[in-house]
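Note sheet for the following structure.
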Amino acid sequence: MPEKFLKPYDSAATEGRIYEAWETSGLFNPDECVKQSVTEADAPPYSIVLPPPNVTGRLHMGHALMLAIEDIFIRYKRMRGFRTLWVPGTDHAAIATQSVVEKQVKKDEGLNRHDLGREGLLKRIHAFAAESHDTIVSQLKVMGASLDWSREAFTLDETRTRAVNKVFKMMYDAGLIYRGLRIVNWDPKGQTTISDDEIVYEERPAKLYTFRYSKDFPIPVATTRPETKVGDVGVAVHPDDARYKAFVGKEYDAVFCDVPIHIKIVADKEVDPVFGTGAVGLTPAHSHTDWEVADRHLLSHEVIVINEYAKMTVAGRLKDKKTTEAREIVVEWLTSEGLLEKEEDITQNVATAERTGGIIEPLPKLQWFIEVNKQVPGRNKTLKELVTEPVRTSAIKIIPDYFEKTYFHWVENLRDWCISRQIWYGHRIPVWYKGEDISVGIEPKEDGWTQDEDTLDTWFSSGLWTFSTLGWPEQTNDFKTYHPTDVLETGYDILPFWVMRMILMTEFTLGAIPFKTVYLHGLVRDAQGRKMTKSLGNVLNPVDVAAKFGADATRMALVVGNTPGTDMRISEDKVKGYKHFANKLWNIARFVLSQERTGEPIPKLKDEFDTLARDVTNDLENYRMYLVAEKLYHYIWSRFAAEIIEESKGKPEYRETLHYILENALKLLHPFMPFITEEIYQSLPTKDAKFLMVAKWPA
RNA sequence: GCGCUCUUAGCUCAGUUGGUUAGAGCGUCCGCCUCACACGCGGAAGGUCAUAGGUUCGAAUCCUAUAGAGCGCACCA
């Protein structure tokens with residue numbers, strides 16, 4: 001028996017060494033497994049793409065959970081003989097990364113993006129992204145992830161960019177991508193548009209003002225944003241509202257806080273007659289719904305009164321004022337003119353930008369969109385239908401299944417997807433202009449063409465991730481072998497952002513599904529159930545935790561009892577419990593290895609173990625890792641150590657049984673605790689493989 | 001407004017298709033350095049499975065209602 005067993009298990013001295021040995025062996029790569037004859041050349045493929053971490057910093061506990069679950073799937077399938085591929089990669093995360101770097105540059109040097117210029121800023125971002133990338137890769141390795149590094153991808157690298165441009169052109173040619181003037185969600189802080197799902201609504205106290213545009217205006221109107229009223233072109237009332245029926249169709253002129261305005265009264269059934277005064281001032285350029293109402297009644301969209309910096313563009317006393325200042329000025333003016341009728345306190349949902357916290361200012365902008373309600377040529381269905389169908393028919397299975405309802409609910413509310421962003425970091429929109437001419441997908445050779453200034457929404461490239469990582473648009477062997485992938489494992493919070501977009505992009509581009517199963521994990525919270533945030537100071541860094549207790553213990557703590565779709569809590573105490581378990585296993589090995597391996601296993605005990613192995617295998621096939629981890633823990637500690645080993649003391653006829661159970665328990669436990677199981681396996685007197693990682697699964 | 005989830009031991013949670021005395025970890029209490037392990041061993045206390053009905057031979061598990069908690073989407077003049 002090796003001397004190392006005389007001391008408690010030392011994860012810190014073991015894990016790095018083991019990972020290096022695995023990596024050097026090349027066996028994370030399925031081709032190498034075939035070459036080294038640990039996998040049959042014609043074995044069925046099994047593939048997962050790693051949800052690419054953003055290159056914005058470092059990994060958090062949510063990543064660690066994701067890695068643990070995926071590595072369990074991968075290691076299990078590899079041991080079962082599949083040609084198993086887990087593709088690593090990182091995400092440039094456009095807006096998230098750019099805003100981190102901009103903040104940093106602002107803080108350190110007092111410079112903004114315009115001081116640096118496009119090239120200058122990009123240089124800084126690339127340097128930051130490269131550093132983040134290296135940190136992340138080393139962290140992925142610390143957690144024991146058996147990723148095939150020879151196939152690493154980046155959403156913004158050359159192959160992925162080729163895929164992005166190709167898909168953009170395909171969608172444009174299919175008439176699904178269009179450029180149009182629309183109200184977009186403008187983030188004045190980030191100076192970019194953002195999509196609907198990058199908005200976070202915050203409840204805030206607000207005032208609802210009831211006023212008239214002028215003394216002779218017949219209808220009082222309620223608003224929370226008086227400053228926008230200089231941009232009003234109409235007032236909408238409900239068609240059945242008896243109070244206002246007589247005024248519908250009439251037009252009025254007024255000078256509102258130094259600004260001449262022209263108001264037409266229209267009837268529209270969107271108006272809620274019981275809210276406020278039952279009359280809505282229409283500001284088409286600065287409100288989604290007003291834009292639509294204005295459309296229906298042929299009112300102008302062109303009165304723009306707020307600019308990209310959330311400042312007023314009108315003449316008079318409001319000129320160049322911030323919207324918040326302008327609001328006070330308008331209220332003062334209304335009061336002094338005797339036009340303000342009521343002021344009430346209400347709570348309002350304010351739209352803010354997820355990344356920057358800026359308050360969203362709806363503005364009309366010329367943007368690129370993907371149209372979701374239009375027939376896809378050759379498919380006879382809309383993108384919306386293409387996204388629904390595979391889930392409806394169970395070609396794609398979502399775990400837990402109740403999230404399918406959430407998914408459908410989400411898809412029903414899907415609107416055209418704004419894919420252009422006014423930031424610099426990301427895939428530049430592959431469109432070139434020359435006067436009236438436009439070239440899509442390919443840069444024209446001749447002079448005089450200029451490329452669109454904007455970049456693509458980061459989810460456009462991550463939507464292609466399952467096939468772009470496999471080399472598409474080339475018809476590579478990887479693409480032909482490993483697509484569609486088997487499982488997509490990710491947090492439920494990005495079901496709409498990412499999962500749906502992957503289905504959308506893959507259905508459109510390949511007419512296929514991107515994956516067969518979606519496994520959704522929950523959020524990792526602190527011991528009190530709070531979100532881990534910097535401001536609360538309760539962030540547990542998985543790499544620190546792994547250094548203290550071992551990656552094996554960290555993985556177990558994250559997996560045991562953690563059912564899909566449910567948030568979990570983690571604390572150092574919980575991880576410590578599994579560090580103790582690792583040590584328990586270590587001492588079991590010490591005891592068993594101190595005895596020679598001879599004789600036959602006791603049939604009753606062998607059967608009992610084999611039953612467990614079959615049970616565990618069945619659970620794994622059905623994505624119940626959270627049960628398997630617990631069962632193995634329980635069997636190894638309470639049954640094997642506490643009863644079987646105790647019973648065996650002084651009885652030589654137990655020797656083979658002990659070895660049999662140890663060896664096979666190591667195999668069952670390996671996907672969960674890869675390091676310590678491999679370390680013990682390497683000390684077994686007889687081994688059936690060079691590495692436990694590629695040994696044969698016992699059931 | 002539409003929709004989803006949760007409510008099981010002091011705490012955090014399991015409980016796979018309804019089937020014998022409802023489980024685990026942590027915590028608590030008592031006793032042990034027993035020659036694999038004190039990162040350990042032995043033992044103990046602790047639950048009307050939110051409430052009220054129903055289906056069933058049988059329900060923590062299925063159905064209905066009620067209460068509480070959390071979340072998503074939409075609206076938000």
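Quick note on labels: first sequence line is chain A, next is B, and so on, each numbered from 1.
Base contact: Ala641(A) has a heavy atom under 4.0 Å from a base atom. Using a 4.0 Å heavy-atom criterion, one finds that Gly577(A) contacts no nucleic acid atom at all. Using a 4.0 Å heavy-atom distance criterion, Ser287(A) is classed as making no nucleic acid contact. Across all strands, Phe403(A) comes closer than 4.0 Å to no nucleic acid atom at all (heavy-atom distances). Heavy atoms of Thr289(A) sit under 4.0 angstrom from primed sugar atoms or phosphate atoms, though from no base atom. Among the protein residues, Ser594(A) comes within range of no part of the nucleic acid, since none of its heavy atoms lies under 4.0 Å from any strand. Contact annotation for Asp272(A): base contact, defined as any heavy-atom pair under 4.0 Å involving a base atom. Heavy atoms of Asp619(A) sit under 4.0 angstrom from at least one base atom. Nucleic acid contact for Thr283(A): none, since no nucleic acid atom lies under 4.0 Å from a heavy atom of the residue. Heavy atoms of Val592(A) sit nowhere under 4.0 angstrom from any nucleic acid atom.
Counting distance only, with no hydrogens placed and no angle test, the side-chain atoms of Lys584(A) and the base atoms of C37(B) include a donor-acceptor pair under 3.5 Å. On a pure distance criterion of 3.5 Å, a polar donor-acceptor pair joins the side chain of Lys579(A) and the base of C39(B).
Nucleotides U20(B) and G1(B) place their P atoms 42 Å apart, quoted to the nearest Å. Distance check on atom C1': C26(B) versus A14(B) gives 14 Å, rounded to whole Å. Using C1' as the reference atom, U8(B) and U48(B) are 12 Å apart when rounded to the nearest Å. Going from the P atom of A60(B) to that of A52(B) covers 13 Å, rounded to whole Å. Comparing the same atom, C1', in C62(B) and in G18(B) gives a spacing of 8 Å after rounding to whole Å. U51(B) sits 47 Å from U34(B) when the P atoms are compared, rounded to a whole Å. U7(B) and C49(B): their C1' atoms are spaced 10 Å apart (whole Å). With both ends at atom C1', the span from C13(B) to G47(B) equals 14 Å, rounded to whole Å.
You'll find that the side chain of His580(A) is closest to C39(B), out of G42(B), A36(B), C39(B). Among the nucleotides U12(B), G72(B), A14(B), the one closest to the side chain of Thr406(A) is G72(B). Residue Glu630(A) places its side chain closer to A24(B) than to any other of A36(B), A24(B), C4(B). Distance from the side chain of Asn583(A) is smallest to C37(B) among C76(B), C37(B), G42(B). For Ile588(A), taking side-chain heavy atoms from C-beta onward, the closest of the listed nucleotides C39(B), G42(B), A36(B) is A36(B). Picking from C37(B), G25(B), C75(B) the nucleotide with the shortest atom distance to the side chain of Glu646(A) gives C37(B). Taking every side-chain heavy atom of Tyr402(A) into account, C4(B) is the closest of C4(B), A14(B), A36(B). Between C4(B), C39(B), C37(B), one nucleotide has an atom nearer to the side chain of Lys405(A) than all others, and that is C4(B). Here the nucleotide nearest the side chain of Arg569(A), chosen from C13(B), G42(B), C39(B), is C13(B).
Both Phe591(A) and Thr566(A) lie close to RNA chain B; mapped to their nearest nucleotides by heavy-atom distance, the more 5′-ward contact belongs to Thr566(A). Nearest-nucleotide mapping onto RNA chain B: of Trp410(A) and Thr563(A), the residue sitting toward the 5' end is Thr563(A).
With respect to the salt-bridge test (charged N to carboxylate O, under 4.0 angstrom), the residues Glu653(A) and Lys651(A) do not qualify. For the pair Lys207(A) and Glu344(A), the salt-bridge criterion is not met [side-chain N within less than 4.0 Å of a carboxylate O].
Of the nucleotides present, U64(B) is the one that pairs with A52(B) by Watson-Crick or G-U wobble criteria, both distances under 3.5 Å. Base pairing analysis places C39(B) opposite nothing; no Watson-Crick or G-U wobble pair with both distances below 3.5 Å involves it. Pair assignment for G72(B) gives C2(B), based on Watson-Crick or G-U wobble hydrogen-bonding distances that are each under 3.5 Å. Under the Watson-Crick and G-U wobble criteria, each requiring two contacts below 3.5 Å, nucleotide G46(B) is left unpaired. In this entry C26(B) has G10(B) as its Watson-Crick or G-U wobble partner, both defining distances falling under 3.5 Å. Nucleotide G58(B) forms a pair with no other nucleotide shown, judged by Watson-Crick or G-U wobble geometry with both contacts under 3.5 Å. In this structure G18(B) sits in no base pair that meets the Watson-Crick or G-U test at under 3.5 Å.
Here Tyr9(A) does not reach the OP1 or OP2 of C37(B): none of its side-chain N or O atoms lies under 4.0 Å away. OP1 or OP2 of A36(B) sits under 4.0 Å from a side-chain N or O of Lys649(A). Between Trp637(A) and C39(B) there is no side-chain polar atom (N or O) within less than 4.0 angstrom of OP1 or OP2. Not one side-chain nitrogen or oxygen of Arg624(A) sits closer than 4.0 Å to the OP1 or OP2 atom of U16(B). At C26(B), none of the side-chain N or O atoms of Ser571(A) fall inside 4.0 Å of OP1 or OP2 (strictly under the cut-off).
Between the side chains of Trp697(A) and Thr617(A), at least one donor N or O sits under 3.5 Å from an acceptor N or O. There is no side-chain donor-acceptor pair under 3.5 Å between Glu679(A) and Thr14(A). If you check the side chains of Ser683(A) and Lys4(A), you find a donor sitting under 3.5 Å from an acceptor.
Atom pair Lys7(A):NZ and A38(B):P shows a separation of 15 Å (rounding to whole Å applied). Rounded to an integer number of Å, the gap from Ile645(A) CD1 to G40(B) P is 15 Å. Taking atom CG of residue Asp573(A) and atom C1' of nucleotide G10(B), one finds them 15 Å apart after rounding to whole Å. As rounded to whole Å, 11 Å separates atom P of U17(B) from atom CG of Leu627(A). The CD atom of Glu412(A) sits 19 Å away from the P atom of G1(B) (whole-angstrom rounding). The NE2-P distance, from His409(A) to C71(B), rounds to 17 Å in whole Å. Note: OH (Tyr492(A)) to P (G70(B)) measures 14 Å, nearest angstrom. Atom CE in Met500(A) sits about 12 Å away from atom P in C73(B), given to the nearest Å.
Tyr623(A) and Tyr519(A) have tilted rings, their planes meeting at an angle from 30° to 60° on a 0 to 90° scale. Relative orientation of the Phe609(A) and Tyr660(A) rings is perpendicular, given thresholds of 30° and 60° on the angle between their planes. Taking the six-membered ring where the residue is Trp, Tyr578(A) and Tyr633(A) present perpendicular rings, their angle passing 60° and hence far from 30°.
In this structure, the side chain of Thr283(A) does not engage the main chain of Gly231(A) through any donor-acceptor pair within 3.5 Å.
Heavy-atom neighbours of Gln682(A) CD from other residues, nucleotides or ligands within 6.0 Å: above the threshold of 12.
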